[in-house]
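This one's a predicted model, so the numbers in the text were calculated from it and none came from an experiment.
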Amino acid sequence: MTTELITQDLVELDLTSTDRRQVVRSLAERLHAAGRVTDVERFLADVEAREQQMATGLEGGIGI
């Protein structure tokens, strides 16, 4: 069985927040609702640690 890495329900094109932490939390909660993340707080800590190594934001308001 294969699972698509990115599905339509995991993509948010119209985020209303401009605060990076709020955006990441919103997307983490979306991943949690889809069963892709089991522990939102741990996931957020891991994302923050990763962000300290190298930014994941790109020009034009795109984040990976």
Side-chain angles (χ1 to χ4, degrees):
M1 179 176 104
T2 62
T3 301
E4 291 183 53
L5 183 60
I6 300 173
T7 57
Q8 192 171 12
D9 63 319
L10 299 178
V11 177
E12 177 61 61
L13 298 177
D14 297 313
L15 290 170
T16 56
S17 179
T18 58
D19 178 76
R20 181 182 66 83
R21 284 191 170 84
Q22 284 181 319
V23 168
V24 171
R25 177 170 287 280
S26 173
L27 294 173
E29 290 170 356
R30 182 178 288 253
L31 288 168
H32 183 260
R36 302 287 186 101
V37 169
T38 57
D39 183 338
V40 172
E41 296 307 317
R42 180 65 199 163
F43 179 80
L44 291 171
D46 290 344
V47 168
E48 188 62 34
R50 169 62 179 84
E51 191 73 16
Q52 296 303 315
Q53 294 175 0
M54 185 174 112
T56 55
L58 305 173
E59 289 184 35
I62 298 171
I64 298 177

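- A donor-acceptor pair under 3.5 Å is formed between the side chain of Arg36 and the backbone N or O of Leu5.
- Judged purely by distance below 3.5 Å, without hydrogens or angles, the side chains of Ser17 and Asp19 never pair a donor atom with an acceptor atom.
- Of the inter-residue distances, the one linking Leu31 atom CG with Thr38 atom OG1 reads 11.0 Å to the nearest 0.5 angstrom.
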Walk me through it: do Asp46 and Arg50 pass the test salt bridge (Lys or Arg N to Asp or Glu O under 4.0 Å)? CA-CA 6 Å; Asp46 290 344; Arg50 169 62 179 84; over 6 Å; no
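- Leu10 and Val24 end up in the same hydrophobic cluster when Ile, Leu, Val, Met, Phe, Trp and Tyr side chains are linked at under 4.5 Å.
- Closest non-hydrogen pair, Leu13 versus Val11, comes out as CD2-CG1, 3.8 Å.
- Among all heavy-atom pairs drawn from Glu12 and Leu27, the shortest one is CB-CD2, 4.0 Å.
- A donor-acceptor pair under 3.5 Å is absent between the side-chain atoms of Arg25 and the main chain of Leu44, judged by distance alone.
- Within 6.0 Å of atom CZ in Arg20, more than 12 heavy atoms from other residues, nucleotides or ligands are found, so the atom counts as buried in its surroundings.
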